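Below is one structure, written out as structure tokens; comments come after it.
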Amino acid sequence: VRSNEVMIKAVLKVTEGYRSLVRAFRASKEKKWDSVVKLSCDAFFLGDQAKRAAPNAATLANQLQAYAKSFADQARREMK
């Protein structure tokens, strides 16, 4: 049962990360680039937490982090 609890925690972190990305997407539609960067960084951090909680969640967490990096990079380009 313990390993299931660890995986549930990891999946929860990934889910929270995607929620941050949805918020970042919404902020991008309003051209709130600072918010996009912050929310994307939050998502990236949550991906790290997921990997620490359960290394076998790395595939999901890595995908989340790739999206988060892409969002943040795009927002930084828009701020220039």
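Values below: all heavy atoms of this structure, side chains included; hydrogens, waters and symmetry mates excluded. This one's a predicted model, so the numbers in the text were calculated from it and none came from an experiment.
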**Asked** If you round to the nearest 0.5 Å, how far is OG1 of T15 from CD1 of I8?
**Response**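 If I round to the nearest 0.5 Å, the distance is 11.0 Å.
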**Asked** About how many Å separate NZ of K80 and CZ of R76, when rounded to the nearest 0.5 Å?
**Response**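 Answer rounded to 0.5 Å: 10.0 Å.
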Counterpart residues, salt bridge (Lys or Arg N to Asp or Glu O under 4.0 Å), relative to [X] (two or more places apart):
X: K51; answer: none
X: K32; answer: E30
X: K69; answer: D73

Output side-chain donor-acceptor pairs under 3.5 Å for residues 16-26, partner residues at least two apart or in another chain, one line each.
none

**Asked** Which atom pair, heavy atoms only, marks the closest approach of Q65 to D48?
**Response**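 Reported closest heavy-atom pair: NE2-OD1, 2.9 Å.
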**Message:** By the salt bridge (charged side-chain N to carboxylate O under 4.0 Å, His left out) test, which pairs, at least two apart or in different chains, include something from residues 53-67?
**Reply:**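 Found none.
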**Request:** Determine which pairs satisfy salt bridge (charged side-chain N to carboxylate O under 4.0 Å, His left out) with at least one residue from residues 54-64, sequence neighbours left out, and list them in order.
**Result:**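 For residues 54-64, and leaving out neighbouring residues, there are no salt bridge (charged side-chain N to carboxylate O under 4.0 Å, His left out) pairs at all.
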Extract all donor-acceptor atom pairs below 3.5 Å that involve side chains of residues 33-44 and protein atoms in other chains or at least two apart in sequence.
{"residue": "K38", "atom": "NZ", "partner": "D42", "partner atom": "OD2", "Å": "2.7"}
{"residue": "S40", "atom": "OG", "partner": "V36", "partner atom": "O", "Å": "2.8"}

**Message:** According to side chain to side chain contact (heavy atoms under 4.5 Å, CB included), who are the partners of A57, at least two apart in sequence or on a separate chain?
**Reply:**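 Counting only residues at least two positions away or on another chain, A57 forms a side chain to side chain contact (heavy atoms under 4.5 Å, CB included) with M7, A10, A54.
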**Message:** Closer than 3.5 angstrom, by distance alone: can the side chain of S70 be matched with the main-chain N or O of A66 as a donor-acceptor pair?
**Reply:**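 Flag not set: sc S70 to bb A66 has no pair under 3.5 Å.
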**Request:** For E78, check side-chain hydrogen bond (donor to acceptor under 3.5 Å, both in side chains) against everything at least two apart and list the hits.
**Result:**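 Result, side-chain hydrogen bond (donor to acceptor under 3.5 Å, both in side chains) vs E78: Q74.
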